[in-house]
2 protein chains.
Amino acid sequence: MGRGITIEDVARAADVSRQTVSRVINHSPRVSPSAKARVEEAIATLGYVPSLAARSMGGGRSGVLLAVFPESQTGSGTAQELGGMLLAGSAACGAQGYRLLFEPLCAAAGDPGAAAKLAGTIGALQPEGVILLPPLDRAPELRKLLDSRGIPRATLPGSEAASGNAGEAAARRLIELGHRQIGYISGPGDPQRSERWLAGYRRALAERDSRAHRHFVAEDQPGLCTALDLVRALLVPTIRPTAIITERADTALAVLHVARSLKLAVPRDLSLIALAEDPELVTCDPPIAALHRPVAALFAGACERLMAARKTADDTAVSAELPLELTLELIERPSIARAPRAI
Amino acid sequence: MGRGITIEDVARAADVSRQTVSRVINHSPRVSPSAKARVEEAIATLGYVPSLAARSMGGGRSGVLLAVFPESQTGSGTAQELGGMLLAGSAACGAQGYRLLFEPLCAAAGDPGAAAKLAGTIGALQPEGVILLPPLDRAPELRKLLDSRGIPRATLPGSEAASGNAGEAAARRLIELGHRQIGYISGPGDPQRSERWLAGYRRALAERDSRAHRHFVAEDQPGLCTALDLVRALLVPTIRPTAIITERADTALAVLHVARSLKLAVPRDLSLIALAEDPELVTCDPPIAALHRPVAALFAGACERLMAARKTADDTAVSAELPLELTLELIERPSIARAPRAI
DNA sequence: CTGAAAGCGCTAACAT
DNA sequence: ATGTTAGCGCTTTCAG
């Protein structure tokens with residue numbers, strides 16, 4: 001295997017010209033069935049794979065999607081989300097013969113050289129589409145740059161809108177079930193997001209009951225261990241919350257354990273809902289409800305929209321805001337129930 | 001900005017030939033200082049970035065590193081590790097002007113078309129180096145393929161050797177501190193790795209005390225909640241472990257809480273060590289010791305070795321097995337201490 | 001429906 | 001130390 005096999009080899013094997021081969025691999029309709037069949041067989045037997053470099057140089061499509069993410073974000077939750085997107089996105093792209101490349105971009109709020117760096121990257125890569133991961137999707141400079149270059153761009157649906165406020169959604173649901181004393185336990189992770197969700201929770205509560213439940217709220221993102229102490233302190237007194245919202249799945253799991261050790265039955269005495277989904281939430285007893293933002297799936301969806309955009313006309317603006325249900329799903333499980341009549 | 005600016009533009013602006021520009025951007029020593037300066041300025045003002053496609057087609061280096069990972073691996077821990085590697089690897093590569101691309105490969109033990117698919121990918125991408133992520137590093141076919149193509153490859157140090165057995169290392173350390181009753185709580189995640197670590201723990205114990213502590217071991221990867229019930233059952237009886245190893249960081253955190261609620265002081269009455277590192281382990285009280293395999297850092301290191309390999313001679317075999325201390329580090333923290341004299 | 005020609009941006013190999 | 005020549009593998013013209 002000297003230097004990889006080229007379109008020329010395939011052409012020779014199928015006894016056609018390079019163009020015909022090119023047409024076949026690009027699914028052009030103007031190819032005779034017989035020629036097409038011969039070419040496809042030659043491709044299969046030779047194990048031919050078109051060179052991305054040559055393809056993108058010839059002016060054709062590069063077959064590459066670019067996802068840019070803020071580089072500074074070293075939060076522990078971030079790595080997991082990134083990994084999830086990588087997994088889901090690669091699968092989606094691979095299915096259509098595309099490649100997905102993740103590139104960090106300086107996260108600074110303003111954009112000193114961020115736009116310039118992006119320009120360099122797209123110059124070097126010629127991606128067919130770019131996904132701006134939050135909070136990069138809020139940078140107008142980057143969006144403008146992409147638009148001016150005619151490169152389709154996408155963002156995670158609902159990332160800007162308040163629609164993505166899990167704290168608010170969870171609180172609303174619990175209020176709907178008659179709960180008035182609702183605890184909220186944040187967790188270490190993205191502080192900004194935590195802040196937004198907490199604000200959403202407060203908003204939902206304020207609509208029904210002006211009294212802020214400040215004693216039921218963990219303000220400063222406690223660690224798991226601290227959070228548990230806090231929950232214990234919350235649950236022991238006679239006046240205690242009838243429901244608890246936790247940002248992290250593991251916190252919810254641990255709260256369940258604490259409740260059990262205090263002889264509080266879930267959901268009879270205490271409803272529990274997590275703001276992140278996790279397989280473990282299903283296997284515990286009782287399974288815990290979760291409010292899930294399926295980032296990975298949304299990301300894969302963004303990839304698919306981008307790939308589709310190329311096939312259709314050159315719509316450089318791919319945004320398609322999805323409805324709330326799709327971008328934030330409430331997974332009902334036995335851990336939540338109507339509030340008890342009296343405490 | 002019509003079609004991106006090319007080497008030609010730079011050459012014209014600097015009043016030299018394309019070749020000279022090429023030499024400058026490739027750090028060839030045979031360029032006069034004055035020409036070099038002019039070219040560099042032109043590059044800066046024009047914002048020129050060489051096209052990867054053209055570069056890799058011209059026969060030069062593609063500036064791309066490829067990391068292949070098993071696609072099926074949907075474990076929750078995996079996404080986090082992948083994300084960490086992506087973060088660390090991208091940073092390392094970006095610093096040297098390289099790009100890093102992650103590609104999934106069918107994970108099946110044998111390799112039906114895996115090798116073929118890899119061949120296709122390297123044909124399309126012409127990567128300058130490939131990193132085989134476990135368990136792909138064990139596939140001889142893939143290694144052979146890369147070697148025959150003369151593409152430098154790397155794997156995560158210590159992934160094959162027993163050196164990476166965190167369970168064994170933790171157990172040894174605790175035994176060294178005089179502990180004989182040691183509990184082990186596995187957690188959901190990679191079942192194979194869990195199995196290996198558990199075996200290592202048993203091995204270490206067997207060397208000192210033939211009695212298998214089967215009652216102190218969680219065999220079947222319990223969820224966090226189940227694990228806590230188990231720990232409680234473990235710690236209440238008079239005959240109880242004086243030390244506990246947990247695979248996951250959050251489990252350790254929760255165990256700490258359980259111990260506290262049982263009035264057991266850590267580390268006086270119970271030593272605690274986690275087999276995964278996490279920022280929270282530092283902030284809790286007392287901080288919990290951890291046995292950490294710095295995958296992300298190791299991955300970044302692999303990237304760097306690959307990039308260096310190109311600069312040096314064409315050593316296609318980049319393996320450099322690192323010493324144990326580097327690939328598996330014991331982070332001592334107050335949660336472990338000598339075993340109490342008598343229970 | 002198919003083929004021939006030209007060129008994408010860059011780098012090796014020779015020249016000079 | 002620098003310029004010139006010839007492709008790399010593919011796709012887009014434009015002719016048959």
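Heavy atoms only: backbone and side chains are in, while hydrogens, waters and symmetry mates are out. So that the names make sense, note that chain A is the first sequence line, chain B the second, and so on, each numbered from 1.
Put simply, the side chain of Glu128(A) gets close to the backbone of Gly63(A): a donor and an acceptor are under 3.5 Å apart. Using a distance-only test at 3.5 Å, with no hydrogens or angles considered, no donor-acceptor pair links the side chain of Ser56(B) to the main chain of Arg61(B).
Pairing each heavy atom of Ile7(A) with each of Tyr48(A), the nearest pair is N-CE1, 3.6 Å. When all heavy atoms of Ala79(A) and Gln80(B) are compared, the closest pair comes out as CB-O, 3.9 Å.
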Nucleic acid footprint by protein, nucleotides 10-16 of chain C - heavy-atom cut-off 4.0 Å, B for base, S for sugar-phosphate alone: BBBB---
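At a threshold of 4.5 Å between non-hydrogen side-chain atoms, the residues Val68(B) and Ile131(B) do not count as touching.
dC8(D) atom C1' lies 15 Å from atom CG of Leu52(B), rounded to whole Å.
Note on the helix from dC1(C)-dG16(D) to dT16(C)-dA1(D): angle between the axes of the first and last five pairs equals 30°, rounded to 10 degrees.
Of the candidates dA1(D), dG3(C), dT4(D), the closest approach to any side-chain atom of Arg30(B) belongs to dA1(D).
Electrostatic pairing of Arg23(B) and Glu40(B) does not count as a salt bridge here, judged by no charged N lying under 4.0 Å from a carboxylate O.
Side-chain nitrogen and oxygen atoms of Ser56(A) include none within less than 4.0 Å of the OP1 or OP2 phosphate oxygen of dC10(D).
The six-membered or imidazole ring of Phe299(B) lies away from that of Phe69(B), with a centre-to-centre distance of 6.0 Å or more.
Counting any heavy atom pair closer than 4.0 Å across all strands shown, Ala53(A) reaches no nucleic acid atom.
Looking only at atom types and distance, the side chain of Arg99(B) has no donor-acceptor partner in the side chain of Ser90(B) under 3.5 Å away.
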